[in-house]
Amino acid sequence: MIEKAAELIKNTNHITAFTGAGISVESGIPPFRGENGLWNKYDPVFLDINYFYQNPLRSWKMIKEIFYDFFGKAKPNAAHIALAKMELSGYVNSVITQNIDNLHQEAGSKNVYEFHGTSQNLICMNCHNTYSAKDINLSILPPKCEKCGEILKPDFVFFGEPIPEPANSASFRETEISDLFLLIGSTGKVMPASMIPFMAKMNGVKIIEINIKPSNYTNAITDIFLEGKATKIMTKLLEYLEVN
Ligand code: NAD
């Protein structure tokens, strides 16, 4: 099946990768759902935008623990690196990611649409001034804007917030101009991101999916399902594509 997928990739013009939390699991970042999922340990309410407005300190304590103390130490794995190499060698045109961990960019991917924003920046809720998270001292919570004194929020999408532009429009545009989508490590349960592969399929786009187990996409829209860990399958795909 991997050889068949590689043949399809070789003979396809415009390829978009669509990634979920699964691609970063082997970097040590757990997904939200399923076995070892973060929602088994934490209450997702702390990422609800209305809860954040009302309880910024409580939200920030969780946010710091998960996204900055813990995620912050993760490094790209072989799957992120393979995807970046596929872009550099001209096979992959862009990456639409639901992840906020910056690991695609760290691996060398250039054309990345961050559908849910990024944990790398903090933004002021009042004046919208943006800071690199690295420059902000998170030992005093909640962090405040140096310009206006208002509370800073991570620049990723909370429950109840809209999808940022230009990532939103660019992602849906890919569903119209791509010939093939490479889905990696996504349950397909998070709306509206989960609609993107379905829209692509409606537009005649072929779907290759990599996951350790079937997702919402597998029986509905996937043409070639490659069951297994993202690092292993992506490394094999690179071998068949003869990319070093
Ligand atoms: P999810 O947490 O709902 O599901 C993860 C998927 O990855 C599952 O289908 C699982 O079977 C698969 N998976 C697990 N390990 C894998 C591996 N080694 N190789 C291949 N597949 C593997 O993830 P989701 O659908 O992406 O939705 C959760 C939302 O939470 C996303 O929108 C994302 O924004 C956010 N999130 C991001 C991060 C991150 O930035 N790394 C981490 C957790 C959650």
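Counting starts at 1 for both ligands and their atoms, following the listed order.
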For ligand 1, is there an N or O atom under 3.5 Å from any N or O atom of [X]?
X      : answer
Ile29  : no
Asn211 : yes
Lys229 : no
Ala21  : yes
Ser215 : no
Ser186 : yes
Ile100 : yes
Ala230 : yes

Can you report which non-hydrogen protein atom sits closest to [atom], along with the distance?
atom                    : result
atom 27 (O) of ligand 1 : Val190 CG2, 3.3 Å
atom 41 (N) of ligand 1 : Asp101 OD2, 2.7 Å
atom 28 (C) of ligand 1 : Arg33 NH1, 3.5 Å

Original post:
Quick one: which ligand 1 atoms are inside 4.0 Å of a heavy atom on Lys213?
Top reply: 11 (O)

Original post:
Near Gly20, which atoms of ligand 1 are under 4.0 Å from a heavy atom of that residue?
Top reply: 26 (O)

If you measure from [atom] to every heavy atom of [options], which option wins on shortest distance?
atom                    : options                      : answer
atom 7 (O) of ligand 1  : Gly188, Pro31, Gly22         : Gly22
atom 21 (N) of ligand 1 : Pro44, Ser119, Gly37, Gly185 : Gly185
atom 42 (C) of ligand 1 : Pro30, Gly28, Gly228         : Pro30
atom 38 (C) of ligand 1 : Asn99, Leu38, Asn102         : Asn99
atom 44 (C) of ligand 1 : Phe18, Phe32, Phe67          : Phe32
atom 4 (O) of ligand 1  : Thr118, Asn77, Thr187        : Thr187

Original post:
Would you call Lys232 and Glu26 a salt bridge, taking side-chain N to carboxylate O under 4.0 Å as the test?
Top reply: no

Original post:
Does Lys206 have any salt bridge (Lys or Arg N to Asp or Glu O under 4.0 Å) partners at least two apart in sequence or in another chain, and if so, which?
Top reply: none

**OP:** Identify, with sequence neighbours excluded, every residue that meets salt bridge (Lys or Arg N to Asp or Glu O under 4.0 Å) alongside Lys229.
**Re:** none

**OP:** Could you check Phe156 against Phe67 for ring pair (Phe, Tyr, Trp, His ring centres under 6.0 Å), going step by step and ending with a plain yes or no?
**Re:** CA-CA 11 Å; Phe156 55 71; Phe67 298 103; 4.9 Å; yes

Please work out whether any backbone atom (N, CA, C, O) or any side-chain heavy atom from C-beta onward of [X] is under 4.0 Å from ligand 1, and answer side chain, backbone, both or neither.
X     : answer
Gln98 : both
Val25 : side chain
Ser24 : side chain

Subject >> Modelled atom types, side-chain donor and acceptor of Asp101 and Ser24, under 3.5 Å >> reply: yes

**OP:** For the pair Phe158 and Phe52, name the ring-plane relationship: parallel under 30°, tilted 30 to 60°, perpendicular over 60°.
**Re:** perpendicular

**OP:** Quick one: sort the Phe18 and Tyr217 rings into parallel, tilted or perpendicular, breaks at 30° and 60°.
**Re:** perpendicular

Original post:
Under the criterion side-chain contact (heavy atoms from CB on, under 4.5 Å), which of Pro56, Pro143, Pro142 is the partner of Leu152?
Top reply: Pro143

Supply the atom-to-atom distance [X] [atom1] to [Y] [atom2], rounded to the nearest 0.5 angstrom.
X      : Y      : atom1 : atom2 : answer
Asn203 : Glu174 : CG    : CD    : 12.0 Å
Gln120 : Asn102 : CD    : CG    : 4.0 Å
Phe32  : Tyr42  : CZ    : OH    : 11.0 Å
Asn99  : Ser186 : CG    : OG    : 8.5 Å

Original post:
Given the rule that I, L, V, M, F, W and Y join up when any side-chain heavy atoms are under 4.5 Å apart, are Ile123 and Leu138 in one cluster?
Top reply: no

Original post:
With a cut-off of 6.0 Å (strictly less than), are more than 12 heavy atoms of other residues, nucleotides or ligands near NZ of Lys10?
Top reply: yes

Original post:
What do you reckon, does His116 put a non-hydrogen atom under 4.0 Å from ligand 1?
Top reply: yes

